Structure formats: structure tokens, C-alpha cells
Asks: 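Provided herewith is a single structure, encoded as C-alpha cells, for subsequent inquiry.
Numbers here are sequence positions counted from 1. Everything quoted here is computed from the prediction, not taken from an experiment.
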Amino acid sequence: MIRVLLADDQPLIRSGFRALLDLEDDIEVVAEAGDGSECLELAREHLPDIALVDVRMPVLDGIEATRRIAADPALAGVHVVILTNYGLDEHVFEALRAGAAGFLVKDVLPEDFLHSVRVAARGDALLAPSITRRLIDRYVAQPPRTGAVAALGELTNREREAVALVARGLSNDEIAGHMVISPMTAKTHVNRAMTKLRARDRAQLVVLAYESGLVVPNGS
């Protein structure tokens, strides 16, 4: 059972998402929050698998709520998915940097919404290759950050190669094919890189790969 926390300051939005989720046998909405502070409290109380968090909320916005969830070791199993009306904007990138597993635009089709909840629950990033390219081209076309470059020094060459492929939007199976290794070995490279870089999920690997200059927009 996938346990979900809904956090949005608009009751109508929450009720719409809840109506969809309640129809699914494998998904349970465990709590609803109307602001970021309440979201944080309920996350600690219920330990959901997924927190669907509106990027703009009163008291504590979605980005700061995400940052605090990501920084709390007790909430390591909570995957935050940011909800936004605005598509790709600076708030989405800040949320990914803060520790979100991905994002959804609120006008997403119901079937895509449900699929995304299940993808996030598996620990995969909600960043399709097309979305990754648009996000990176718009917000990460800047000089590499020194800290991110230094962090990559902890990786082996194969781990760096795997991270670069993750940043290009490839799945573990696709990484395996590209590197001519087994899917299990590809997964091991990715997981070790996440551990060394202290990344919560694949979304943060994408951010680190571009911030460090390991991968560049429209390049490799």
C-alpha cells in the first residue's frame, strides 16, 4: 500500500486529488495539510511514502517544507513530489535542489498522475528526458559549482559515467545497455553514487551532474 500525504492550501484541489487516489486499491491517503508547517507535522506523524506538496503555501512554502523533510533522518523514506500550476519555473528547480523527487503540473491527466505517484513510491525520479532537458537548459546553464565538482571526486569512473547517464534521463536498464553491464550492476553504480554524493534520489543526481559540469546542457 502506497501511503500519501496531500499538502495544498486549496481544499478543492486536495479533494480532487484525493478522489482519484481513493479509487486505487494500492494507494491510501493518510492525511491532508493546508500549509507547509502542517505538512511537516503530518509527515512526521504518519511517515507517508509520498508527500504531494504544493510549491506555494502559507506559513511555510512547499520548497522550505521539502528542505526540512529532506534534512530530517526520520523522514528519509518520504518522497516529496512538488505540485505546481506553473510548469517549469525557478521554484521547481529550487524544490529539486531542496530534495524533491520530482514535480507534477496540476493539470496532469488522471492516469499520468496515478502513474507518477507509483513511480515516486518506487524511489524513481519524476523527470522524463524531455522535462530534464528543458529544466536543465533553462536553469542550470551556468558555471559549475565548486562544491558539486569536489563531490564528484569521490566517485569511480564507472560511477561518474552512470551518473551522467542518469542526468540524461536513462533508466537503469538503458544505462546497463549503454555501459554494456547487467541492470543489477548499473543499479549498484547508481546507488553507490547516491550514497557517496548524499543524494536522496535520482532527481538530486541530475541536479548534481549539471551543477558540477559533469553533464552540460545540449551536450554529454
Side-chain angles (χ1 to χ4, degrees), residues 2-3 43 47-51 66-82 92-103 115-133 135-137 139-140 142-220:
I2 300 171
R3 294 160 48 80
L47 298 178
D49 301 300
I50 301 295
T66 298
R67 185 174 290 112
R68 296 188 189 187
I69 288 173
D72 189 340
L75 301 179
V78 179
H79 302 286
V80 177
V81 175
I82 289 290
V92 168
F93 181 68
E94 287 303 313
L96 292 173
R97 179 177 284 169
F103 75 97
H115 172 71
S116 297
V117 169
R118 294 184 174 101
V119 167
R122 295 199 304 264
D124 293 332
L126 292 178
L127 293 173
S130 60
I131 293 174
T132 300
R133 284 194 297 270
L135 182 70
I136 296 306
D137 286 349
Y139 294 109
V140 198
Q142 56 189 8
R145 287 199 308 121
T146 302
V149 173
L152 285 182
E154 300 182 29
L155 304 184
T156 66
N157 289 336
R158 295 297 264 174
E159 288 164 356
R160 287 164 63 93
E161 184 178 357
V163 171
L165 294 171
V166 168
R168 287 167 49 189
L170 274 63
S171 67
N172 285 343
D173 286 348
E174 291 168 332
I175 291 171
H178 193 279
M179 296 178 66
V180 195
I181 55 178
S182 72
M184 182 59 68
T185 301
K187 182 177 180 180
T188 297
H189 285 321
V190 172
N191 288 344
R192 285 179 177 168
M194 287 173 58
T195 299
K196 290 180 180 180
L197 297 174
R198 298 176 180 83
R200 281 171 59 91
D201 50 40
R202 296 170 77 96
Q204 286 200 304
L205 282 186
V206 173
V207 173
L208 283 165
Y210 281 92
E211 286 187 332
S212 67
L214 177 64
V215 179
V216 297
N218 299 317
S220 60

Asks: P48 and A43: which non-hydrogen atoms are nearest, and at how many Å?
Replies: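 Looking at all heavy atoms of both residues, the shortest contact is CD-O, 3.6 Å.
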Asks: Which atom pair, heavy atoms only, marks the closest approach of I82 to A100?
Replies: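 Minimum heavy-atom contact is CG1-CB, 3.9 Å.
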Asks: Considering residues at least two apart in sequence or located in another chain, which fulfil the side-chain contact (heavy atoms from CB on, under 4.5 Å) criterion with R118?
Replies: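 Checked R118 against side-chain contact (heavy atoms from CB on, under 4.5 Å); matches are I2, E24, D26, I27, L114.
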Asks: Please evaluate residues L208 and V163 with respect to the criterion side-chain contact (heavy atoms from CB on, under 4.5 Å), reporting the C-alpha separation (whole Å), side-chain torsions for both, the decisive distance (0.1 Å), and the verdict.
Replies: CA-CA 9 Å; L208 283 165; V163 171; 6.0 Å; no
Asks: Quick one: which of H189, M179, E174 gives a side chain to side chain contact (heavy atoms under 4.5 Å, CB included) with L165?
Replies: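 It is M179; the other options fail the test.
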Asks: For M194 and L205, what are the C-alpha separation, side-chain angles and deciding distance, and is it a side-chain contact (heavy atoms from CB on, under 4.5 Å)?
Replies: CA-CA 7 Å; M194 287 173 58; L205 282 186; 3.4 Å; yes
Asks: Go through the steps for L75 and L47 under the test side-chain contact (heavy atoms from CB on, under 4.5 Å), then give the verdict.
Replies: CA-CA 7 Å; L75 301 179; L47 298 178; 3.5 Å; yes
Asks: Just verifying a value: how many Å separate R68 CZ and T66 OG1, rounded to the nearest 0.5 Å?
Replies: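 That separation rounds to 11.5 Å.
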Asks: Yes or no on side-chain contact (heavy atoms from CB on, under 4.5 Å) for V81 and I50, after CA distance, side-chain angles and deciding distance?
Replies: CA-CA 7 Å; V81 175; I50 301 295; 4.3 Å; yes
Asks: Which value, rounded to the nearest 0.5 Å, describes the distance between H178 atom NE2 and I175 atom CD1?
Replies: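 Nearest 0.5 Å value for the NE2-CD1 distance: 10.0 Å.
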Asks: So, for H79 and A101, which heavy atoms are closest and what is the spacing to 0.1 Å?
Replies: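 Taking every non-hydrogen atom into account, CB-CB, 4.4 Å.
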Asks: Within this structure, what is the CE-CG distance for the pair M184 and D173, rounded to the nearest 0.5 Å?
Replies: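 The distance works out to 10.5 Å.
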Asks: If you count heavy atoms of other groups shown closer than 6.0 angstrom to NZ of K196, is the number above 12?
Replies: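 Atom NZ in K196 is crowded, with more than 12 foreign heavy atoms closer than 6.0 Å.
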Asks: Just to verify, what does A70 make a side-chain contact (heavy atoms from CB on, under 4.5 Å) with, not counting sequence neighbours?
Replies: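 With neighbours one apart ignored, the set is R200.
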Asks: What's the spacing between R158 CZ and T188 OG1 if we round to 0.5 Å?
Replies: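 If I round to the nearest 0.5 Å, the distance is 12.5 Å.
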Asks: Grab the two heavy atoms, one from A209 and one from A167, that are nearest each other, plus how far apart they are.
Replies: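 Closest approach of A209 to A167, heavy atoms only: CB-CB, 3.5 Å.
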Asks: Answer yes or no: does atom CZ of R192 have more than 12 heavy-atom neighbours from other residues, nucleotides or ligands under 6.0 Å?
Replies: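 Counting neighbours around CZ of R192, 12 or fewer heavy atoms of other residues, nucleotides or ligands fall under 6.0 Å, so no.
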Asks: At their closest point, which heavy atom of A164 faces which heavy atom of L214, and how far apart are they?
Replies: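 Looking at all heavy atoms of both residues, the shortest contact is N-CD2, 3.9 Å.
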